[in-house]
Number of protein chains: 2
Amino acid sequence: MSSTTSLLVRKLECFQPLSQEEKAMLEQCTRPLREVGARQDIIREGDTPDKVFLILAGFACRYKIIEGGRRQIMAYLVPGDFCDFQAFILNEMDHNIGTLSACQVVEIPRSVILAMTDRPAIARSLWWASLVDSATLREWLVNMGQRPAEQRIAHLLCELLVRLEAVGLVTDNTYMLPITQTDLGDTMGLTVVHANRMLASLRDEALIEVDVRKITIRDVRRLKAFSGFNANYLHLDNPARMTRRSDAWIPRGDLSKARTDNADPG
Amino acid sequence: MSSTTSLLVRKLECFQPLSQEEKAMLEQCTRPLREVGARQDIIREGDTPDKVFLILAGFACRYKIIEGGRRQIMAYLVPGDFCDFQAFILNEMDHNIGTLSACQVVEIPRSVILAMTDRPAIARSLWWASLVDSATLREWLVNMGQRPAEQRIAHLLCELLVRLEAVGLVTDNTYMLPITQTDLGDTMGLTVVHANRMLASLRDEALIEVDVRKITIRDVRRLKAFSGFNANYLHLDNPARMTRRSDAWIPRGDLSKARTDNADPG
DNA sequence: CGGGGATTTGATCCGTGTCAATTACAGTGG
DNA sequence: CCACTGTAATTGACACGGATCAAATCCCCG
């Protein structure tokens with residue numbers, strides 16, 4: 001059973017090593033395991049949960065529904081991710097969390113979290129995780145605002161490759177992506193139809209391979225270059241897991257050259 | 001001089017009241033005041049700052065430049081906002097922070113921050129602020145992904161109204177917005193040209209008024225309804241500042257009805 | 001073998017982007 | 001006080017990426 005939780009340990013150790021004792025503490029929270037079917041809400045907007053959920057298996061997401069029924073997925077929660085740390089401070093959920101595929105989750109009571117955060121190393125690691133979540137959100141915003149559909153999807157696939165690699169869920173550049181193309185569309189602000197076409201296009205260009213719900217990146221370097229992917233925002237600082245930067249786009253934070261307009265100067 | 005920093009106190013008290021002592025502690029950090037001209041970078045991607053910056057006056061933003069020179073602004077930093085708390089944990093900046101208008105900032109050394117976070121009330125308030133930043137980012141993602149240009153801009157103007165109200169920078173539904181339309185476009189993922197047209201359209205519909213760099217919301221209720229704005233994500237929990245919810249769009253976190261597609265079922 | 005979602009594909013429409021000028025200003029120097 | 005300069009705001013004509021609408025398959029599951 002510890003092989004499931006160790007996802008969490010594995011992820012947090014991307015930031016800094018933990019002692020045996022600390023790892024043991026984290027391993028403990030597999031107790032009240034809960035199976036949740038696909039497309040079920042775990043937490044709803046307006047809720048004031050008194051526990052934290054940890055995903056052990058499957059994909060979940062943060063999402064909002066706006067007037068008109070449109071849905072925006074704002075984050076993917078993959079194995080090893082916490083759901084709603086924020087509920088500790090912000091009393092009311094401002095968005096929903098729902099499963100995309102069937103999931104295994106554990107509910108961790110407030111008291112356990114408080115005990116964990118008494119260990120500075122764990123507390124810092126959890127803080128790191130929440131900051132990485134924010135950084136990811138920012139990158140998604142860049143993705144949505146500035147990249148055309150095909151590169152947007154490519155970028156997401158690169159991100160998932162790196163994130164899932166960090167928790168050991170990638171083999172031969174292949175990982176399970178148990179979501180529908182509708183979900184993908186709602187993630188990228190595209191219609192299913194267009195998401196489908198762009199996916200097909202990536203396939204045609206031999207960049208990826210799509211099996212049933214399995215993605216294979218056929219040319220990592222080219223896909224990263226195509227989508228402008230740079231893993232720095234994931235802050236996988238532990239050298240052991242550091243992705244090589246060689247094939248990443250290197251930004252030049254230079255206002256004077258960028259202020260021309262939103263346009264492509266090419 | 002305390003009238004400037006009290007912005008910070010005022011903002012943090014949106015979350016919870018602070019003692020005189022705590023307020024005094026926060027007021028202290030006006031010391032090394034720095035004037036920064038418009039469109040200057042305060043922190044660059046790749047930097048590893050050892051201090052935290054607090055905006056006292058003016059507008060700054062988080063932004064990234066991607067391949068091709070396109071810029072995405074990911075957050076506005078208004079008076080009372082901290083710049084880079086994350087640098088305490090994440091060793092390297094993954095984005096830039098630059099001024100939009102001329103700004104007054106203070107640099108707060110690491111030691112002072114550490115001292116502040118020894119006070120639980122302050123620590124929790126700062127944590128609250130960072131969670132609100134994340135929530136805002138999520139709302140921006142929804143905005144970019146799901147709303148057409150005109151509503152997108154309207155939504156931003158509503159948000160700024162509420163945020164600036166919270167720090168006392170709004171009078172008669174009017175506030176200074178010292179940014180160019182190019183900045184606005186880069187914020188919303190639009191070209192200047194289109195941003196300009198949508199702004200003109202909002203003006204024509206008598207929803208807003210645009211002076212030089214001054215925005216007046218002529219009909220708050222209608223602008224909120226038009227843009228689907230709901231202030232809940234800003235978590236202004238302190239009842240004294242609570243915005244009335246009456247005119248806000250109320251979501252229904254209902255997967256079954258939303259899963260139809262990304263399309264508008266109307 | 002039948003039913004229902006998920007994936008694909010085609011045809012057409014429209015919101016934004018692109019390109020190109022023109023106008024409105026704020027600051028500067030004569 | 002006015003011409004000069006550069007940036008920001010506007011406006012028009014036209015092109016294109018994605019959205020829409022509509023139908024087929026495909027495929028998992030009972």
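Residue numbering restarts at 1 for every chain, and letters A, B, ... go by the order of the sequence lines.
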Name the closest nucleotide to the R213(A) side chain, picking from dT18(C), dT9(C), dA6(C). dA6(C)
Grab the N/O contacts between the protein and nucleotides 13-17 of chain D below 3.5 Å, and write none if there aren't any.
none

Sequence neighbours excluded, the answer for salt bridge (charged side-chain N to carboxylate O under 4.0 Å, His left out) partners of E35(A) is none
What does the list of N/O pairs under 3.5 Å between the protein and nucleotides 27-30 of chain D look like, with a distance for each?
none

Modelled atom types, side-chain donor and acceptor of Y76(A) and T187(A), under 3.5 Å: yes
Salt bridge (charged side-chain N to carboxylate O under 4.0 Å, His left out) involving D211(A) - partner list, sequence neighbours excluded: K214(A)
Of the listed nucleotides (dA8(D), dT8(C), dA6(C)), which one gets closest to any side-chain atom of T180(A)? dA6(C)
Output the rounded distance in Å from CG (D186(A)) to P (dA19(D)). 11 Å
Compute the bend angle of the helix from dC1(C)-dG30(D) to dG30(C)-dC1(D) from the end axes (five pairs per end), rounded to 10°. 40°
Excluding sequence neighbours, so at least two apart, what forms side-chain hydrogen bond (donor to acceptor under 3.5 Å, both in side chains) with S134(A)? S134(B)
Sorted by chain and number, sequence neighbours left out, salt bridge (charged side-chain N to carboxylate O under 4.0 Å, His left out) with R213(A) holds for none
Could you list the residues that satisfy side-chain hydrogen bond (donor to acceptor under 3.5 Å, both in side chains) with N196(B), not counting sequence neighbours? Q181(B)
Can you name the residues that form a salt bridge (charged side-chain N to carboxylate O under 4.0 Å, His left out) with D47(A), not counting sequence neighbours? none
What residues form a side-chain hydrogen bond (donor to acceptor under 3.5 Å, both in side chains) with Q72(A), not counting sequence neighbours? Q146(B)
Report the residues that fulfil side-chain hydrogen bond (donor to acceptor under 3.5 Å, both in side chains) with S201(B), sequence neighbours left out, ordered by chain and then residue number. E150(B), E205(B)
Under 4.0 Å, heavy atom to any atom of DNA chain D: which of residues 200-209 of chain A qualify? none
